[in-house]
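All of these numbers come straight from a predicted model, not from anything done at the bench. We count ligands from 1, going down the list as the structure has it; atoms in each ligand are counted the same way.
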Amino acid sequence: MKQAYRAEILDFINDPVLYGLDAMRHFSDGLLVIEAGKVVAVGDAATLLPLLEVNTPIHDYRPQIIMPGLIDTHIHYPQCEVIASYGTQLLDWLNTYTFPAEGKFSDFKYAQSVAKFFIDELHRNGTTTAMVFASVHPHSVDALCEAAGDMRLIVGKVLMDRNAPHSLCDSAASTYDDNKTLIKRWHGQKRLSYALTPRFAPTSTDAQLQAVQALHHEFPDVHLQTHVAENKEEVAWVAELFPWSRSYLDVYDHYDLLFERALFAHCLYLNDTDRARLGESGAAIAFCPSSNLFLGSGLFDLQAAQKHNIQVGIASDVGGGTSFSILQNLSDAYKVLQLKQQAMPARQGLYLATLGGARALKLDTQIGNFEVGKEADFIVIDPDATPLTAQRMAHATNIDERLFALMMLGDDRHISATYILGEAIYTKPFCTLQT
Ligand code: GUN
Ligand code: ZN
């Protein structure tokens with residue numbers, strides 16, 4: 001049975017950097033029509049309403065905004081409990097906070113409870129798709145995949161066989177078998193995909209990276225996620241550990257890990273040879289602004305990535321990042337880019353958070369906008385959800401100004417509802433005054 005949603009509706013059909021204002025579709029009084037979890041029509045309400053069958057329910061969200069679900073291209077679910085941990089940069093932060101927190105995932109029940117919290121938190125923030133690091137324990141992938149419901153996730157078990165606490169290390173020998181088992185169990189099940197997940201070059205031996213290479217060759221449609229060039233100390237360490245490499249990115253290239261479904265988080269300290277390699281390989285970057293600021297890692301150069309035709313998605317990188325909200329991360333992205341003398345209008349930011357993220361994850365034939373036939377993951381945004389944004393919206397004179405204020409000031413409070421495959425899986429509770 002069809003369902004229709006009436007609201008101000010927007011989505012992106014192209015990259016605004018290349019296609020300008022026409023990249024965004026905007027219907028100030030729009031209608032989104034869904035059937036069996038897929039988009040069957042989107043357009044002006046005045047055009048579409050007369051075409052609806054008479055018994056089609058119409059859910060009227062006016063004057064709120066409907067847009068595609070937000071996409072988080074890089075996040076760690078075992079790090080929920082260390083978000084906002086004080087005073088360290090990357091390598092100390094991993095040892096002091098992150099590894100102990102990830103150690104707790106040896107307990108499957110604990111993993112299940114965090115997985116549930118994590119999925120709920122994504123939904124509360126309007127995130128409908130995420131690419132997620134689990135912990136080193138294979139059952140941490142099971143816990144998350146079981147909690148995912150109908151959500152679209154790309155998930156992988158972390159691989160580490162050196163330079164981490166012994167209890168968190170796997171081995172080159174187990175890498176092949178564990179990953180093969182998880183791929184067979186989860187890749188292509190429901191809306192789940194699997195990602196080979198070497199944590200970062202310093203925590204994998206040559207033998208483990210060779211095992212990842214073999215898995216990539218055997219399962220070419222499986223994704224890969226890792227970190228690269230996030231922190232200056234880390235970059236220097238990689239140069240010591242892999243003295244033969246041309247650069248940090250070159251370590252991954254050596255093992256044939258630059259390919260279309262590979263996603264590299266951070267990419268702060270790349271040179272143009274690295275960017276050219278990313279561009280020609282089709283691999284993508286996760287821009288993690290709140291994490292890069294919080295861990296004092298550095299400033300991402302978005303323009304340089306765009307110049308080399310690299311797909312970029314936005315990412316929270318929780319728990320290095322300080323917010324699950326992709327809107328908050330866009331706000332930090334804008335400030336990072338200001339410090340680079342670069343601009344990011346709202347159309348560009350919201351593109352990165354939707355169709356751009358889908359392209360970075362190579363999921364853009366399924367999600368990212370309201371093209372007919374795509375999966376109906378969408379959110380309802382209330383720009384007036386807080387007194388501050390309500391008064392700011394009242395003073396905005398056009399759509400770009402309103403979207404920019406939303407991008408800078410918006411967060412979970414502005415997400416009224418989150419729909420997955422056309423089903424409302426989160427609706428913001430109404431606050432009632434207690435007397
Ligand atoms: N580099 C290696 N591991 C991590 C991690 O968990 N978070 C971040 N931000 N960077 C990393
Ligand atoms: Zn990360």
Metal check, the Zn ion (ligand 2) vs Cys288 N/O/S, cut-off below 2.8 Å: no
N, O or S of His266 under 2.8 Å from the Zn ion (ligand 2): no
Atoms of ligand 1, numbered as shown, that sit under 4.0 Å from any heavy atom of Gln79: 5 (C), 6 (O)
Sub-4.0 Å atoms of ligand 1 with respect to non-hydrogen atoms of Leu90: 1 (N), 8 (C), 10 (N), 11 (C)
Output field: ring centroids Tyr426/Tyr419 closer than 6.0 Å: no
Ring centre gap for Tyr269 and Tyr248 strictly below 6.0 Å: no
Polar contact flag for Arg199 and ligand 1 (N/O pairs, less than 3.5 Å): yes
Parallel, tilted or perpendicular: ring planes of His137 versus His139, cut at 30 and 60 degrees: parallel
Between the side chains of [Y] and [X], is the shortest nitrogen-to-carboxylate-oxygen separation below 4.0 Å, so that they form an ion pair?
X      : Y      : value
Glu146 : Lys190 : no
Asp274 : Arg246 : yes
Glu375 : Arg152 : yes
Lys109 : Asp107 : no

Considering only N, O or S atoms of Asp317, the one closest to the Zn ion (ligand 2): OD1
Nearest non-hydrogen protein atom, [atom]:
atom                    : result
atom 9 (N) of ligand 1  : Asp317 OD2, 2.7 Å
atom 10 (N) of ligand 1 : Glu230 OE1, 2.6 Å
atom 7 (N) of ligand 1  : Trp93 CZ3, 3.5 Å

Part of Thr203 with heavy atoms under 4.0 Å of ligand 1, whether side chain, backbone, both or neither: neither
Distance-only polar pair, side chains of Asp382 and His414, donor-acceptor under 3.5 Å: no
Residue-ligand contact His266/ligand 1, heavy atom below 4.0 Å: yes
